Amino acid sequence: MARRRTGALLVAAALALTGCGATASDALGTKGTAAPISGTPTRNSAAARAFPAAGVFDYQIGGSYPPASGVRIVDRDRTSAPAPGRYNVCYVNAYQAQPGDLAWWQHTHPNLLLRDASGRLIIDRDWNEALLDIATPAKRTAIAAVVGGWFAGCAHSGYDAVEPDNLDSYTRSQGHLTQADAVAFAALLAGIAHRDKLLIGQKNAAELATRLRRSGYDFAVAEECQEYNECDAYTSAYGTKVIEIEYSADRFAQACAVRRGRVSLLLRDRDVVARGQSGYVNRTC
C-alpha cells in the first residue's frame, strides 16, 4: 500500500494562504459546502475539459504559488483559487476529517464520524484525522452530500477536476470499514463529480485501479508508486492519464528512466511546502 500525502492543512492555514481571514465554519459554509474563491472564474462549459495526459504537473496542496511556465496541470487545496491558464485539480479530503474541520463534523454530523465499540473516534494517527463512517448506504449518501458540496465549490471556482483523498482509509479503520465500502463511496463521488462537469482522479489504493476505472474514474494521482512497485497497476488502468509523485530522489530517477514522457512525473518534498519555504523541492523529468 502506498503511503499517501493527505495535504492535511488546518482550514485556518489554508485560508491564510488565499489571503482570507475567515473562520473554519466560514470555510466550510452551509452544510460543509465551500463557496467559490473570490475573484476566480465560474466554470460554465457544457462538458469537462479533457485531461492533459502526461502533462507537466505541479503539486501545490501545501500552499499556492505561481506555477512555472511549462506547467500544464496544477493540484491545489479546495480552499485555494485555481491557477489561471492551467488545468486545475482540486484536492478534497473525502474519507477523513481535516484536523481543523473536526469540530464542525462533531457539531453538525456526529453520526457520520467512525467510532469503535466504545464510542471513541477512530483516528488516522499519521495525520491526526478522524475517519468518516462510510459503512452503510445511508451514511455514504449523507457524507457524499457534504463532499458533493465541496465538489460543486471546486467547479464553480474554475477547477477542472477533483482528487478525493484517503480512499484507502478502510485499511486504517480497525476493521470497521471494508474495501467494498470504499469502492461504493468512490462510485457515488464519481457520479457527483461528473454531474458537475468535473473529471475525478483516483488517489492511491493501486489495488482498486481497475475497479475504479470501471466506476468512472478518469485519471490517477499515484504517490510513491515507484517506491511500492505499484505504477503498472495505475498505467494498466489509466494509460498515460497518471500523475506520479515521488518523494525520494533515487526513486524519482528510476521512475524517469522508465516512464519519462508517458505519465506526469514530479519529485516533491514530503511536506509539499510552497516555493520559497524551507525544504521546498520540485523537479520534473
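Just so we're clear, the structure is a prediction, and the values are computed from it rather than from any experiment. What you see below is based on every heavy atom in this structure, not just the backbone, and it leaves out hydrogens, waters and symmetry mates.
For the side chain to side chain contact (heavy atoms under 4.5 Å, CB included) criterion with Pro164, the lone passing option out of Ile200, Val147, Val221 is Ile200. In summary, of the residues considered (Arg270, Glu224, Glu223), a side chain to side chain donor-acceptor pair (under 3.5 Å) with Tyr247 occurs for Glu223 alone.
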Side chain to side chain contact (heavy atoms under 4.5 Å, CB included) between Arg211 and Arg214, intermediate numbers included: CA-CA 5 Å; Arg211 295 175 68 181; Arg214 291 172 180 166; 5.6 Å; no
Applying side chain to side chain contact (heavy atoms under 4.5 Å, CB included) to Asn93 and Asn166, what does each step give before you reach the verdict? CA-CA 7 Å; Asn93 194 350; Asn166 289 310; 2.7 Å; yes
Kindly determine whether Ser80 and Tyr159 satisfy side chain to side chain contact (heavy atoms under 4.5 Å, CB included), including the steps that lead there. CA-CA 10 Å; Ser80 297; Tyr159 280 92; 4.2 Å; yes
May I have the step-by-step check of side chain to side chain contact (heavy atoms under 4.5 Å, CB included) for Glu246 and Cys225, ending in yes or no? CA-CA 8 Å; Glu246 298 292 341; Cys225 69; 4.2 Å; yes
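Tracing side-chain contacts under 4.5 Å through hydrophobic residues (I, L, V, M, F, W, Y), one reaches Leu132 starting from Leu188; they form part of the same cluster. Placement of Tyr95 and Val183 within a single hydrophobic cluster is found when ILVMFWY residues are connected by side-chain heavy-atom separations under 4.5 Å, directly or transitively. Linking ILVMFWY residues whenever their side-chain heavy atoms come closer than 4.5 Å, directly or via other members, places Leu265 and Val281 in the same cluster. At a threshold of 4.5 Å between side-chain heavy atoms, the hydrophobic network of Ile, Leu, Val, Met, Phe, Trp and Tyr places Val89 and Val71 in two separate groups. Under a hydrophobic clustering in which Ile, Leu, Val, Met, Phe, Trp and Tyr are joined whenever their side-chain heavy atoms come within less than 4.5 Å, directly or via other members, Val74 and Val242 fall into different clusters.
Counting only distance, with no hydrogens or angles, the side chain of Asp124 and the backbone of Asn128 share no donor-acceptor pair below 3.5 Å. Side-chain N or O atoms of Ser157 include none that pairs as donor or acceptor with a backbone N or O of Cys154 at under 3.5 Å. Using modelled atom types, no side-chain atom of Ser215 and backbone atom of Ala187 make a donor-acceptor pair closer than 3.5 Å. The backbone N or O of Gly62 lies less than 3.5 Å from no partner atom in the side chain of Arg76, so there is not a single donor-acceptor pair. When atom types are taken as modelled, the side chain of Asp271 and the backbone of Val273 share no donor-acceptor pair closer than 3.5 angstrom. Of the possible polar contacts, one joining the Arg262 side chain to the Val258 backbone as a donor-acceptor pair under 3.5 Å is found. A donor-acceptor pair under 3.5 Å is formed between the side chain of Asp160 and the backbone N or O of Asn88. Asp101 places no side-chain N or O within 3.5 Å of a backbone atom of Trp104 that could act as its donor or acceptor partner.
Looking at heavy atoms from C-beta onward, Leu189 lies in side-chain contact with Phe151 at the 4.5 angstrom threshold. Put simply, the side chain of Ile73 reaches to within 4.5 Å of the side chain of Ile243, judged on heavy atoms. Annotation: side chain of Lys139 is not in contact with side chain of Ile134 (no heavy-atom distance under 4.5 Å). Looking at Leu167 and Leu212, their side chains come closer than 4.5 Å, going by heavy atoms from C-beta outward. Looking at heavy atoms from C-beta onward, Phe185 lies out of side-chain contact with Ser169 at the 4.5 angstrom threshold. The shortest side-chain heavy-atom distance between Pro110 and Arg115 falls under the 4.5 Å cut-off. By the 4.5 Å heavy-atom criterion applied to side chains, Ser236 and Thr210 are not counted as neighbours. Looking at heavy atoms from C-beta onward, Trp105 lies out of side-chain contact with Asn111 at the 4.5 angstrom threshold.
A donor and an acceptor atom, one from each side chain of Arg172 and Gln96, are located under 3.5 Å apart. Side-chain contact, Gln226 with Arg259: a donor N or O sits under 3.5 Å from an acceptor N or O. A donor and an acceptor atom, one from each side chain of Thr178 and Asp181, are located under 3.5 Å apart. Counted by atom type alone, Gln60 and Asp75 present zero donor-acceptor pairs between their side chains at under 3.5 Å. A donor-acceptor pair shorter than 3.5 Å cannot be found between the side chains of Glu244 and Tyr234. Side-chain contact check for Gln202 and Tyr238: at least one donor-acceptor pair (N or O, by modelled atom type) lies under 3.5 Å. Residues Asn282 and Tyr280 bring a donor and an acceptor atom of their side chains to less than 3.5 Å of each other. For the residue pair Thr79 and Asp77, a side-chain donor N or O sits within less than 3.5 Å of a side-chain acceptor on the partner.
Within the structure, salt bridge (charged side-chain N to carboxylate O under 4.0 Å, His left out) pairs that include any residue of residues 276-285 do not occur (at least two apart or interchain). Applying the disulfide (SG to SG under 2.5 Å) test to residues at least two apart or on different chains, the pairs with a partner in residues 238-285 are Cys256-Cys285. Screening residues 188-220 for ring pair (Phe, Tyr, Trp, His ring centres under 6.0 Å), with sequence neighbours left out, gives Phe51-Phe219.
Closest approach of Ser173 to Leu114, counting heavy atoms only: CB-CD2, 3.8 Å. When all heavy atoms of Pro52 and Arg72 are compared, the pair lying nearest together is CB-NH2, 3.3 Å. Closest approach of Ala233 to Ala206, counting heavy atoms only: CB-O, 3.9 Å. Nearest heavy atom pair, residue Tyr170 against residue Ala182, reads CD2-CB, 3.7 Å. Nearest heavy atoms, Arg86 versus Pro67: NH2-O, 3.5 Å.
In this structure, Leu102 CG and Leu121 CG are separated by 6.0 Å, a value rounded to the nearest 0.5 Å. Rounding to the nearest 0.5 Å gives a distance of 9.5 Å between CZ of Arg140 and CG of Asp133. From Ile61, atom CD1 reaches atom CZ of Arg268 across 9.0 Å, with rounding to the nearest 0.5 Å. Going from atom CZ of Arg49 over to atom CG of Leu198 covers 12.0 Å, rounded to the nearest 0.5 Å.
Between Glu163 and Lys203, at least one side-chain nitrogen of the basic residue sits less than 4.0 Å from a carboxylate oxygen of the acidic one, meeting the salt-bridge criterion.
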